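Worksheet: one structure, shown below.
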Amino acid sequence: EVQLVESGGGLVQAGGSLRLSCAASASGFTFDDYAIGWFRQGPGKERVGVSCFSGNDGTVLYADSVKGRFTISRDKAKNTMYLHMNSLKPEDTAVYYCAADWLRNCVRIDPTDFESWGQGTQVTVSS
């Protein structure tokens with residue numbers, strides 16, 4: 001099973017930027033074999049999808065709420081996925097999680113599709 005560790009969260013003013021990292025580790029891990037998803041859970045809310053990346057074909061999906069503001073990238077040598085968040089809004093405040101699922105293609109961004117999860121990192125956007 002892959003282990004995931006998120007980092008990079010913090011407090012930022014509205015309009016600011018943050019970069020979250022998701023470091024993956026497992027014997028023989030390669031991004032090409034996994035879908036990596038980003039999710040967030042705001043206070044008192046359900047966990048919802050932010051982005052999904054398919055390792056086997058490079059498909060990337062973004063939730064409508066973050067399109068044009070958030071992008072993902074990866075460093076294969078470091079087994080790390082990044083979520084670049086720009087033009088942050090107070091409604092982006094949430095705990096952000098990355099998740100992985102072996103041999104999955106991203107056709108939606110649904111937390112029930114993912115097996116392995118990180119511990120989450122808090123992002124707070126002040127107005």
Side-chain angles (χ1 to χ4, degrees):
E1 183 178 348
V2 61
Q3 289 79 46
L4 304 169
V5 178
E6 301 97 333
S7 61
L11 174 64
V12 63
Q13 289 187 331
S17 299
L18 279 175
R19 187 187 75 170
L20 305 184
S21 300
C22 174
S25 62
S27 177
F29 177 87
T30 172
F31 275 122
D32 293 345
D33 293 337
Y34 287 84
I36 304 294
W38 283 97
F39 299 86
R40 65 186 183 186
Q41 188 166 13
K45 298 181 180 180
E46 293 184 347
R47 191 171 299 186
V48 296
V50 174
S51 180
C52 185
F53 169 79
S54 296
N56 61 355
D57 65 5
T59 298
V60 181
L61 303 178
Y62 294 100
D64 288 343
S65 59
V66 306
K67 280 181 182 176
R69 300 188 299 123
F70 291 11
T71 58
I72 62 170
S73 66
R74 63 177 178 170
D75 185 330
K76 295 181 72 173
K78 296 182 178 179
N79 283 346
T80 300
M81 183 74 75
Y82 301 100
L83 180 66
H84 305 268
M85 305 186 297
N86 300 311
S87 302
L88 283 162
K89 305 174 182 180
E91 52 263 44
D92 294 318
T93 294
V95 177
Y96 283 71
Y97 300 87
C98 65
D101 203 70
W102 190 54
L103 296 183
R104 175 170 297 280
N105 293 323
C106 295
V107 295
R108 62 180 185 174
I109 318 171
D110 191 307
T112 63
D113 290 342
F114 288 81
E115 180 177 6
S116 301
W117 289 83
Q119 82 289 351
T121 185
Q122 176 71 47
V123 171
T124 303
V125 184
S126 63
S127 57

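All of these numbers come straight from a predicted model, not from anything done at the bench. One is the number of the first residue; the rest follow in order along the sequence.
The two residues S51 and I109 have their closest heavy-atom pair at O-CG2, 3.6 Å.
When only modelled atom types and interatomic distance are considered, S17 and H84 share no side-chain donor-acceptor pair under 3.5 Å. Using modelled atom types and a 3.5 Å distance limit, the side chains of N105 and N56 yield a donor-acceptor pair.
Salt bridge K67/D64: present, at least one basic N to carboxylate O contact under 4.0 Å.
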Dump the intermediate steps for side chain to side chain contact (heavy atoms under 4.5 Å, CB included) on C52 and F114, then the final yes or no.
CA-CA 10 Å; C52 185; F114 288 81; 3.8 Å; yes
V60 and I72: side chain to side chain contact (heavy atoms under 4.5 Å, CB included), yes or no, with the steps?
CA-CA 8 Å; V60 181; I72 62 170; 3.7 Å; yes
Could you check T59 against D57 for side chain to side chain donor-acceptor pair (under 3.5 Å), going step by step and ending with a plain yes or no?
CA-CA 6 Å; T59 298; D57 65 5; 2.9 Å; yes
Audit row: Q41, Y96, side chain to side chain contact (heavy atoms under 4.5 Å, CB included) steps and yes/no
CA-CA 7 Å; Q41 188 166 13; Y96 283 71; over 6 Å; no
Checking side chain to side chain contact (heavy atoms under 4.5 Å, CB included) for the pair L20/M85: CA distance, chi angles, key distance, verdict?
CA-CA 8 Å; L20 305 184; M85 305 186 297; 3.7 Å; yes
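Atoms OG and CD, on S126 and Q13 in that order, are 5.0 Å from each other to the nearest 0.5 Å.
R104 contributes no side-chain N or O that, together with a main-chain N or O of A100, makes up a donor-acceptor pair within less than 3.5 Å.
For an aromatic pair to be called close, the ring centres must be under 6.0 Å apart, and F53 with Y34 fails this.
Note on ring orientation: taking the six-membered ring where Trp is involved, the planes of F39 and W117 are tilted (angle from 30° to 60°).
In this structure, R74 forms no cation-pi arrangement with Y82, as its terminal cationic atom is not both closer than 6.0 Å to the ring centre and no more than 45° off the ring axis.
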